[in-house]
Novice: 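Please read through the structure below; I'll follow up with questions.
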Amino acid sequence: DNNKVANDVVVNHNDYIAYAYYQTAPGGINDGLRVWLNAAEENVDVSGDNVDVWRDLTSHGNDYSVAAVDFSDKTNPKYWKAYGLMNYQPAVSFDLTSYLAIAGNGSSISKPMSTDAPSGFTSFVLYYSAPSTKSTYYTHGFGSTDPRSTTNRYPAMGFDAADKQGRIRNNGSGQTDNNGTLAGFSDNSTNLQMIRTTKANGVNNAGTIVYDFGGWQDYLSPTGEFGDGFKMANGGTLGGASRASGSFVGQISEVIFYEKALSKVEEDRVRTYLGMKYGITLDQDKINPYPNYDYILSDNKTKVWQGNQSPNFAYHNNVFGLVRDDSQGLNLFRSRATTYDGIITLMTEGSNLSGENGAQFDNLNGLFVGDDKGPLTSQNLTGANVCGEIDETLSQGRIWLAENTSENMSSPTPKTVTLSVGGGMFPYDGGGYQVYLLVADNIAKLRSNQWDQIIPMNYTNETTQSQFGSHQVDFTFYGKNKYF
């Protein structure tokens, strides 16, 4: 029942009894999971808007707290609800003096890892940080609870905001400064950064580092016995490490640590979970158009966005959607691409931006949207032969593709959603315009201004943090694909 009590269970003579439990995990990947922090309200202890404790969702109890921080002028991080730049998910906001920490001594109390120098380690951090010329932003560090000390460089992990690359500072054995070579950090966007390490294990130059921003990977081979001198069971910090100038300034919504080097399949599963949840366009190659990314649910079969197949590969920009996947605790009622030029928001029927949830999808169902990155410029249609009486259209510029998916079904169930458009880059932002949704079953119809449906939208000035008013309409998506 709701109290987790099994009533009226018949046990007969010579019956065997066993117990089992069901545990959710990011992407369904539980093996090696040591820390899982997400900023859902029930996981964060606050005093007003001050964060006191960020509670770990794993069975290891690796909670991070302000009380554990060893810095006399520390302040509390702030709690932000329904943060627009995090796809309406809550976030913990850090500044130059706010940190969280966890104590450990590597022996009787081993936290957050079970051993100082694991053979492999993988971290995922979901954050937003404003553009900066700083060369060091450390989101997390290990070795002590002092975020401004060299004792917290075993190692300190984060990114270089100026060069937009991954960064590790390591005062243990092996190479000290480990700067990335590929620019993966994105300004004015929410970032998903993964760092994966393997230690040298006594063999010179055998350690490895992978910096990953949303699927775009940068491989390094550090010198010396890299990783053998880590102190990951001696406590750690969030929001800064290594020194005062390395303090992270921005918002963090999710932190995940694995005490192993994840396989490619495991990485993909966790990355897809975070990409879907936070409206991030995953991309294996940010320079070339291919390969893109397929968003696959935890059954390892259901693809809610097929970024590497036609027609999706031409619309693999500003990808976001609504999805439900129970095995990884994922159920989105509202979603928006957390990129600079993401202007479309989807909400399930009856949901709103104030946090009220309406209808939910069936398990392993999704509705995702991407665009062709065309210009957000309008075409004047005065005097043109078009279907409907409108003055201007974006259909010669940017086009969006919607993909509707149900579990293992070629004919997905219809999905009714509220679709809204608005924001600083939308040329018809504000209440002074009558905006219409133009829908067709193929791109040619939109390009020739012969759409299947023209639907008037209503303007609302409902706002949340970092969210503008918008033009909205309720629409039901039938079939697999629609263009608008």
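Bear in mind the structure is a predicted one, so any value in this text is a computation, not a measurement.
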Novice: Verify the distance criterion only: is there a donor paired with an acceptor across the side chains of Q472 and T460 at less than 3.5 Å?
Specialist: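 No, no side-chain donor-acceptor contact under 3.5 Å.
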Novice: Could you pull out the closest heavy-atom pair between E225 and N204, with the gap in Å?
Specialist: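 Taking every non-hydrogen atom into account, N-OD1, 4.1 Å.
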Novice: Within the structure provided, determine whether L262 and V270 are in side-chain contact (heavy-atom separation under 4.5 Å).
Specialist: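 Contact flag for L262/V270 side chains = yes.
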Novice: Does any N or O in the side chain of Q328 come within less than 3.5 Å of the main-chain N or O of G27, such that one atom is a donor and the other an acceptor?
Specialist: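 Judged by distance alone, yes, a pair lies under 3.5 Å.
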Novice: Atom CD1 in I344, atom CZ in R398: separation rounded to 0.5 Å?
Specialist: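 Here the interatomic distance stands at 9.0 Å.
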Novice: Using side chain to side chain donor-acceptor pair (under 3.5 Å) as the criterion, point out the one residue from N312, D283, D268, D285 that pairs with Y293.
Specialist: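 Testing Y293 for a side chain to side chain donor-acceptor pair (under 3.5 Å) against N312, D283, D268, D285 leaves exactly one candidate, D268.
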Novice: Whether the side chain of R269 engages the backbone of N300 through a donor-acceptor N/O pair (distance < 3.5 Å, no angle test) should be reported.
Specialist: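 Side chain of R269 to backbone of N300, a donor-acceptor pair under 3.5 Å: no, none is there.
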Novice: Would you check if M194 and Y211 make a side-chain contact, meaning some heavy-atom pair closer than 4.5 Å?
Specialist: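 They are not in side-chain contact.
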Novice: Within the 4.5 Å heavy-atom criterion, are S186 and F213 side-chain neighbours or not?
Specialist: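 SC-SC contact between S186 and F213 ruled out.
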Novice: Looking only at heavy atoms, what is the nearest atom pair of D228 and A200, with distance?
Specialist: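 Looking at all heavy atoms of both residues, the shortest contact is OD1-N, 3.4 Å.
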Novice: What pair of heavy atoms forms the shortest contact from S189 to T339, and how long is it?
Specialist: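 Heavy-atom minimum between the residues: OG-CA, 3.6 Å.
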Novice: What distance separates Q193 CD from L274 CG, expressed to the nearest 0.5 Å?
Specialist: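 CG of L274 is found 12.5 Å from CD of Q193.
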Novice: Which class fits the ring pair W400 and F484: parallel under 30°, tilted 30 to 60°, perpendicular over 60°?
Specialist: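 Because their plane-to-plane angle is under 30°, the rings of W400 and F484 count as parallel.
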Novice: How about Y83 and W80: are their ring centres within less than 6.0 Å of each other?
Specialist: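 Between Y83 and W80, the centre distance is under 6.0 Å.
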Novice: Do V51 and Y64 have side chains that get closer than 4.5 Å, going by heavy atoms?
Specialist: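 Result no, sub-4.5 Å side-chain heavy-atom pair not found.
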Novice: Under a 4.0 Å threshold between the charged nitrogen and the carboxylate oxygen, would D177 count as salt-bridged to R169?
Specialist: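 Looking at D177 together with R169, the answer is yes, because their closest N to O distance falls below 4.0 Å.
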Novice: Taking all atoms of both residues into account, what is the closest heavy-atom pair of P112 and G236, and its distance?
Specialist: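 That would be CD-N, 4.3 Å.
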Novice: With rounding to the nearest 0.5 angstrom, report the OG to CG distance, S298 to L364.
Specialist: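 Output value for this atom pair is 5.5 Å.
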Novice: Any donor-acceptor pair under 3.5 Å linking the side chain of R271 with the backbone of L282?
Specialist: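 Pair absent, no side-chain N/O of R271 close to backbone of L282.
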Novice: Among side-chain atoms of N179 and D160, is any donor-acceptor pair under 3.5 angstrom?
Specialist: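 Note: N179 and D160 side chains miss the donor-acceptor criterion.
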Novice: Quick one, Q251 and V92 - any side-chain contact, counting heavy atoms below 4.5 Å?
Specialist: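 No - every pair of side-chain heavy atoms lies 4.5 Å or more apart.
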Novice: Whether the N352 and R334 side chains hold a donor-acceptor pair (N or O, under 3.5 Å, no angle test) is what I'd like checked.
Specialist: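 Per modelled atom types, N352 and R334 side chains form no pair under 3.5 Å.
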Novice: Under 3.5 Å, is there a donor-acceptor pair between the T348 and Q360 side chains?
Specialist: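 No, no side-chain donor-acceptor contact under 3.5 Å.
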Novice: Give the C-alpha distance, both sets of side-chain angles, the deciding distance and a yes or no for side-chain contact (heavy atoms from CB on, under 4.5 Å) between W305 and L401.
Specialist: CA-CA 10 Å; W305 178 260; L401 171 69; 4.2 Å; yes
Novice: Does I195 reach the side chain of F124, with side-chain heavy atoms less than 4.5 Å apart?
Specialist: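 No - every pair of side-chain heavy atoms lies 4.5 Å or more apart.
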Novice: Does the side chain of T122 pick up a donor-acceptor pair with the side chain of R196 at under 3.5 Å?
Specialist: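 Side-chain D/A pair, T122 to R196: absent.
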Novice: For a 4.5 angstrom cut-off between non-hydrogen side-chain atoms, does L376 reach I343?
Specialist: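 Yes. Closest side-chain heavy atoms under 4.5 Å.
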Novice: Is it the case that the side chains of N43 and N38 hold a donor-acceptor pair, with the cut-off being a distance below 3.5 Å and no angle test?
Specialist: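 Short answer, yes.
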Novice: Judged by modelled atom types alone, do Q217 and E267 share a side-chain donor-acceptor pair under 3.5 Å?
Specialist: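 Judged by distance alone, the side chains do pair up.
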Novice: Any chance you could lay out the side-chain contact (heavy atoms from CB on, under 4.5 Å) test for T145 and F71, step after step, and finish with the verdict?
Specialist: CA-CA 8 Å; T145 58; F71 171 54; over 6 Å; no
Novice: So, do F142 and F121 have ring centers that fall under 6.0 Å from each other?
Specialist: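 For F142 and F121, the ring centres are under 6.0 Å apart.
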Novice: If you take all heavy atoms of S123 and M157, which pair is closest and at what distance?
Specialist: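 In this case the closest contact between S123 and M157 is OG-SD, 4.4 Å.
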Novice: For T181 and D218, test the side chains for any donor-to-acceptor distance below 3.5 angstrom and give the result as yes or no.
Specialist: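 Distance-only check passes for T181 and D218.
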Novice: Does the distance from a Lys or Arg side-chain N to an Asp or Glu carboxylate O, for D187 and K164, drop under 4.0 Å?
Specialist: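 Salt bridge flag = yes for K164 with D187.
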Novice: Which distance, rounded to the nearest 0.5 Å, do you find between the OG of S114 and the CE of M232?
Specialist: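 If I round to the nearest 0.5 Å, the distance is 11.5 Å.
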Novice: Assess, by modelled atom type and distance only, whether the side chains of S47 and D52 contain a donor and an acceptor separated by less than 3.5 Å.
Specialist: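 Per modelled atom types, S47 and D52 side chains form a pair under 3.5 Å.
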Novice: Are the side chains of M86 and L126 in touch, meaning some heavy atoms are under 4.5 Å apart?
Specialist: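 Result yes, sub-4.5 Å side-chain heavy-atom pair found.
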Novice: May I ask you to decide whether K277 forms a salt bridge with E254, counting only side-chain N to carboxylate O separations under 4.0 Å?
Specialist: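 Judged by the 4.0 Å cut-off on N to carboxylate O distance, K277 and E254 do form a salt bridge.
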Novice: Rounded to the nearest 0.5 Å, what separation is found between the OG1 atom of T338 and the CG atom of L85?
Specialist: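 CG of L85 is found 8.0 Å from OG1 of T338.
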Novice: Are the aromatic ring centres of Y315 and F313 under 6.0 angstrom apart?
Specialist: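 Judged by ring-centre distance (under 6.0 Å), Y315 and F313 do not meet the cut-off.
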Novice: If you measure only the distance, is there a donor-acceptor pair under 3.5 Å linking the side chains of S247 and Y137?
Specialist: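 Their side chains do not contain a donor-acceptor pair, so the 3.5 Å distance test is not met.
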Novice: Is R55 salt-bridged to D63, going by a charged N under 4.0 Å from an acidic O?
Specialist: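 Counted as a salt bridge, because a side-chain N and a carboxylate O are separated by less than 4.0 Å.
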Novice: Given 3.5 Å as the limit, does a donor-acceptor pair link the side chain of Y258 with the main chain of I29, or not?
Specialist: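 Checked: pair present.
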Novice: Is the closest side-chain donor-acceptor distance between N363 and E407 under 3.5 Å?
Specialist: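 On atom types as modelled, these side chains do not qualify, holding no pair under 3.5 Å.
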Novice: Please check: side-chain N/O of N170 versus main-chain N/O of Q175, any donor-acceptor pairing under 3.5 Å?
Specialist: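 Yes; judged by distance alone, with no hydrogens or angles, the pair exists.
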Novice: Can a side-chain donor-acceptor contact be found between Y273 and D325 if the only test is distance below 3.5 angstrom?
Specialist: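 Note: D325 and Y273 side chains miss the donor-acceptor criterion.
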Novice: Go through the steps for V210 and T208 under the test side-chain contact (heavy atoms from CB on, under 4.5 Å), then give the verdict.
Specialist: CA-CA 7 Å; V210 175; T208 65; 5.6 Å; no
Novice: Judged by atom type as modelled, is there a donor-acceptor pair below 3.5 Å linking the side chain of S149 to the main-chain atoms of N152?
Specialist: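 No.
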Novice: For the pair F185 and Y127, name the ring-plane relationship: parallel under 30°, tilted 30 to 60°, perpendicular over 60°.
Specialist: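 Ring orientation, 0 to 90° scale: parallel.
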Novice: Could you walk me through whether T58 and R34 pass the side-chain contact (heavy atoms from CB on, under 4.5 Å) test, one step at a time?
Specialist: CA-CA 7 Å; T58 77; R34 286 288 302 183; 6.0 Å; no
Novice: For Y79, does its backbone N or O pair with a side-chain atom of D49 as donor and acceptor, under 3.5 Å?
Specialist: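 Not at all, since once roles are kept as given, no pair shorter than 3.5 Å links the two residues.
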Novice: Before accepting this row, confirm whether a basic side-chain N of the pair D73/R148 lies closer than 4.0 Å to the acidic partner's carboxylate O.
Specialist: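 Salt bridge absent between D73 and R148.
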Novice: Would you say the side-chain atoms of S129 pair up with the backbone N or O of V249, donor to acceptor, closer than 3.5 Å?
Specialist: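 The answer is yes, because a donor-acceptor pair under 3.5 Å joins these two groups.
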Novice: Examine distances only and state if a side-chain atom of D372 and a backbone atom of I399 form a donor-acceptor pair shorter than 3.5 Å.
Specialist: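 Pair found, side chain donor or acceptor close to backbone of I399.
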Novice: Is the ring centre of F230 less than 6.0 Å from the ring centre of Y154?
Specialist: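 So the answer is no for these two rings.
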Novice: Going by atom types only, do T97 and T75 share a side-chain donor-acceptor pair under 3.5 Å?
Specialist: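 There is such a pair (donor and acceptor under 3.5 Å, judged by atom type) between the side chains of T97 and T75.
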Novice: Hey, is the main chain of G321 close enough, under 3.5 Å, to the side chain of S335 for a donor-acceptor pair?
Specialist: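 Yes, S335 side chain to G321 backbone: donor-acceptor pair under 3.5 Å.
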Novice: Would you check if the distance from the ring center of H140 to the ring center of F257 is below 6.0 Å?
Specialist: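 Yes, they do, as the ring centres are separated by less than 6.0 Å.
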Novice: What pair of heavy atoms forms the shortest contact from D116 to G106, and how long is it?
Specialist: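 That would be OD1-CA, 4.3 Å.
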Novice: Salt bridge between D294 and K303, side-chain N to carboxylate O under 4.0 Å?
Specialist: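 Yes.
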